[in-house]
Amino acid sequence: MKSGIWQVCFYNMVRRNLGQSTRSIYLGLACLSLSLHVLLAFFCLSVLQTACVFPSSSSSIPGTDTQHHESVSQSPASDAASSNKLQRRPHDEVRHKLTANMLHHKVRGSLNEVTEKSKKLIGVGKIIQKVDGPSKLEALFKHPLYNLPQPELQQDDWLLRLKTEEDAKDTESQEEEKEDIFPDDSEWQSNSHEEGYDKVTWTTDVETHPPWLRFHLGISRWELYNRKDPNLAQLTHYLATQRILGAVQKKGGTQLKLLISFPNYGQALLKPMKQSRHAETDVNLFYFSDFERHNAEIAAFHLDRLLGFNRIPPVVGRLINVTTEIKEITTDRRLSKTFFTSPAGNVCFYGQCEYYCSVEHPVCGQPHMLEVSLATMLPDLTIAPRRSWRSPWRRSYSRTKLAQWEKDPAYCDTVKQTPPYNQGTRLVDLIDMAVLDFLMSNMDRHHYETFEQFGNNTFLLHLDNGRAFGRHSQDEPSILAPLQQCCRIRRSILLRLRLLSLPDFRLSDIMRESLTQDPLSRVAPLLSEPHLSALDRRLAKVLQVVQACQEKHDDVIYNDIEGHDQGP
């Protein structure tokens with residue numbers, strides 16, 4: 001009997017202990033499950049907020065995606081407090097409480113951070129890179145052929161000039177007369193009061209002039225700029241770093257280009273990246289149907305400088321944010337209507353132009369960042385008018401017809417008798433341009449321009465080089481037709497070409513080093529190695545043409561450096 005009672009008591013005690021242990025286990029599991037659900041809810045909320053800010057996309061620009069996620073994760077301390085409040089609400093309620101205004105500010109702030117970090121990625125502000133070993137570029141520019149004595153510039157040899165003291169006095173007297181008529185100065189405000197622009201404080205002192213104005217004032221009858229002018233480096237740095245204030249589509253032309261404005265009234269011509277640097281023009285594509293390339297504009301400026309021409313306005317590469325530096329600031333309605341987000345999440349636009357301005361040929365960021373070239377604008381046509389000349393060796397721009405020069409081997413005889421090619425340096429100026437175009441394989445030279453103020457006795461502007469560097473695997477000998485048919489070349493350019501064919505000054509090596517000075521070289525080389533090798537190959541062909549001319553004619557060399565101790 002007693003043993004039965006003990007058994008019952010023992011069973012009840014064990015059952016009670018087991019029940020307490022089971023309840024403890026169940027309670028622990030419930031707490032763990034609740035904690036996991038709370039953590040999962042917080043994780044989903046953070047993912048939702050990130051997805052609202054940026055579309056997911058893979059970027060081909062090195063480091064862009066990493067930079068993007070870092071910028072999203074960083075937020076001000078004021079956002080942290082509001083974030084704690086949001087986390088205490090149900091997930092669905094949080095989604096409905098996010099306002100469009102909050103999203104706009106977050107998006108713009110994050111995009112600006114992406115832009116700044118992308119600029120740091122390519123080293124904007126540190127344009128000149130160190131080159132291993134002795135600098136061939138520095139040695140080239142120290143060579144006597146690049147330091148020839150220049151004719152002393154007279155007052156009429158400058159395109160623009162500052163007012164003299166007498167002119168200033170006349171202006172002051174006129175202003176005093178106006179003040180007598182309009183005594184209220186508040187009615188006459190400077191344009192510098194426009195929103196976003198810097199207050200203008202320019203004087204006759206050169207130190208107060210912005211780089212673009214110094215460039216304009218440095219244009220002379222013989223060249224666009226002096227290679228030794230320190231303002232050249234300041235100007236390219238300015239183009240690569242200044243805040244973009246406005247962007248509108250540039251009128252005219254066959255392909256998309258934008259006019260960019262800066263806070264101190266400077267302007268630049270933007271051409272966007274439309275294809276990879278390694279993409280070669282299709283052999284079945286006509287020259288007038290080819291894409292324009294942003295890196296071709298940059299490389300053309302460097303090549304023109306290496307040849308000693310100094311006839312292309314300074315060009316620099318830049319990485320811009322399509323959203324914050326074009327879409328959100330443009331006042332061009334026609335341009336703004338063409339923006340869209342691609343299925344890959346990239347921000348794209350296509351503008352309106354004659355060729356390749358359609359949704360099938362968009363310009364796209366990755367997802368927001370876009371490579372572009374920025375070319376310094378020349379003085380306004382109202383200040384410095386330019387004359388456009390039809391090139392005698394212009395192509396027919398027809399799929400079936402040939403131009404006269406392509407059918408007549410003696411075509412140059414006609415050109416030599418036609419003004420302005422019958423006197424002065426205009427013919428050898430045109431042949432200079434043909435050599436430049438052949439080296440970079442530019443077949444699209446239908447017109448050229450000169451400044452009207454200088455008449456016919458001046459240099460030719462080498463503008464619009466976007467269709468250069470399209471093919472590296474083949475050369476186009478027809479570009480050299482002016483040299484082949486006229487058998488005439490400047491002595492200075494011939495000596496420089498021979499210098500650039502030597503191992504110590506090989507053109508491809510010099511060009512490679514020069515291009516490293518551009519900010520976009522931090523992303524990828526601006527010219528691929530096949531394009532650089534093509535420069536050496538084409539240079540040898542130019543020298544072969546000159547040699548063939550010298551074997552047939554006696555007056556091939558136009559001696560523009562008489563007295564130089566190196567003979568041709």
Side-chain angles (χ1 to χ4, degrees), residues 108-109 111-129 190-203 206-219 224-225 229-250 257-273 294-295 297-298 301-302 312-332 335 365 368-380 517-523 526:
R108 185 169 181 83
L111 289 177
N112 287 331
E113 289 180 15
V114 170
T115 304
E116 292 303 318
K117 292 185 177 182
S118 298
K119 288 180 180 179
K120 291 179 181 179
L121 170 70
I122 65 173
V124 170
K126 300 177 181 178
I127 297 179
I128 299 178
Q129 301 179 17
S190 168
N191 287 334
S192 62
H193 291 188
E194 294 178 15
E195 183 178 356
Y197 285 91
D198 295 339
K199 186 175 181 180
V200 175
T201 56
W202 309 333
T203 67
V206 177
E207 297 299 324
T208 66
H209 300 160
W212 63 264
L213 181 55
R214 296 187 195 183
F215 165 66
H216 288 176
L217 292 172
I219 299 174
L224 270 178
Y225 59 86
D229 187 354
N231 182 61
L232 188 63
Q234 297 174 13
L235 178 60
T236 53
H237 176 77
Y238 161 83
L239 293 175
T241 58
Q242 277 290 304
R243 178 171 62 94
I244 295 177
L245 191 62
V248 296
Q249 186 166 345
K250 181 77 165 57
K257 50 186 176 289
L258 304 181
L259 186 62
I260 300 300
S261 300
F262 299 107
N264 62 6
Y265 295 91
Q267 291 185 323
L269 186 66
L270 180 152
K271 289 191 177 181
M273 179 179 185
H294 73 303
N295 62 313
E297 292 286 358
I298 301 169
F301 162 65
H302 285 260
I312 293 180
V315 185
V316 68
R318 179 167 175 167
L319 202 61
I320 67 167
N321 190 308
V322 176
T323 302
T324 61
E325 294 182 300
I326 298 180
K327 181 181 179 182
E328 293 183 355
I329 64 174
T330 184
T331 56
D332 190 333
L335 177 64
H368 301 274
M369 305 311 296
L370 174 69
E371 288 186 30
V372 301
S373 67
L374 292 176
T376 310
M377 294 294 291
L378 295 173
D380 191 88
Q517 297 177 348
D518 190 89
L520 283 185
S521 65
R522 296 291 184 93
V523 178
L526 285 161

Step-by-step side chain to side chain contact (heavy atoms under 4.5 Å, CB included) determination, M369 to N321: CA-CA 5 Å; M369 305 311 296; N321 190 308; 3.9 Å; yes
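- Of the options L335, D332, I244, a side chain to side chain contact (heavy atoms under 4.5 Å, CB included) to L258 is made by L335 and by none of the others.
- Rounding to the nearest 0.5 Å places NE2 of H216 at 9.5 Å from CG of L224.
- The two residues V315 and A375 make their nearest non-hydrogen contact at CG2-CB, 3.8 Å.
- To the nearest 0.5 Å, atom CG of residue L239 and atom CG of residue L269 are 11.0 Å apart.
- A240 and G317 get closest at one heavy-atom pair: CB-O, 4.4 Å.
- A donor-acceptor contact shorter than 3.5 Å is absent between the side chain of T330 and the backbone of K327.
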Derivation of the side chain to side chain contact (heavy atoms under 4.5 Å, CB included) call for H294 and K257: CA-CA 10 Å; H294 73 303; K257 50 186 176 289; over 6 Å; no
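- Here the side chains of M377 and P313 are not in contact, with every heavy-atom distance at 4.5 Å or above.
- A pairwise comparison of heavy atoms in F301 and P314 identifies CE1-CA, 3.5 Å as the closest pair.
- Annotation: the span from D229 atom CG to Q234 atom CD amounts to 8.0 Å, rounded to 0.5 Å.
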Check against side chain to side chain contact (heavy atoms under 4.5 Å, CB included), I260 and I320: CA-CA 12 Å; I260 300 300; I320 67 167; over 6 Å; no
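- Checked by atom type and distance alone, the side chain of S261 never pairs as donor or acceptor with a backbone atom of L245 at under 3.5 Å.
- Contact check for P210 versus Y238: no side-chain heavy atoms found under the 4.5 Å cut-off.
- Atom CH2 of W212 sits about 12.5 Å away from atom CG of L378, to the nearest 0.5 Å.
- T236 contributes a side-chain N or O that, together with a main-chain N or O of L232, makes up a donor-acceptor pair within less than 3.5 Å.
- A distance-only check finds no donor-acceptor pair linking the side chain of T323 to the backbone of H368 [under 3.5 Å].
- Across F262 and Q242, no two heavy atoms sit closer than the pair CD2-CB, 3.6 Å.
- In terms of heavy-atom proximity, P272 sits nearest to L370 at CB-CD2, 4.0 Å.
- Under the rule for a salt bridge (charged side-chain N to carboxylate O under 4.0 Å, His left out), the partners of K271 that lie at least two apart in sequence or sit in another chain are E292, E297, D464.
- H209 is linked by a side-chain hydrogen bond (donor to acceptor under 3.5 Å, both in side chains) to nothing, counting only residues two or more places apart in sequence or in another chain.
- Separating the CD1 atom in I298 from the CZ atom in R318 is a distance of 12.5 Å, to the nearest 0.5 Å.
- The two residues T324 and I329 have their closest heavy-atom pair at O-CG2, 3.6 Å.
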D518/V316 under side chain to side chain contact (heavy atoms under 4.5 Å, CB included): CA gap, chis, key distance, verdict: CA-CA 6 Å; D518 190 89; V316 68; 3.5 Å; yes
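- Y225 is linked by a ring pair (Phe, Tyr, Trp, His ring centres under 6.0 Å) to nothing, counting only residues two or more places apart in sequence or in another chain.
- The CG atom of L520 lies 5.0 Å from the CD atom of E371; values are rounded to the nearest 0.5 Å.
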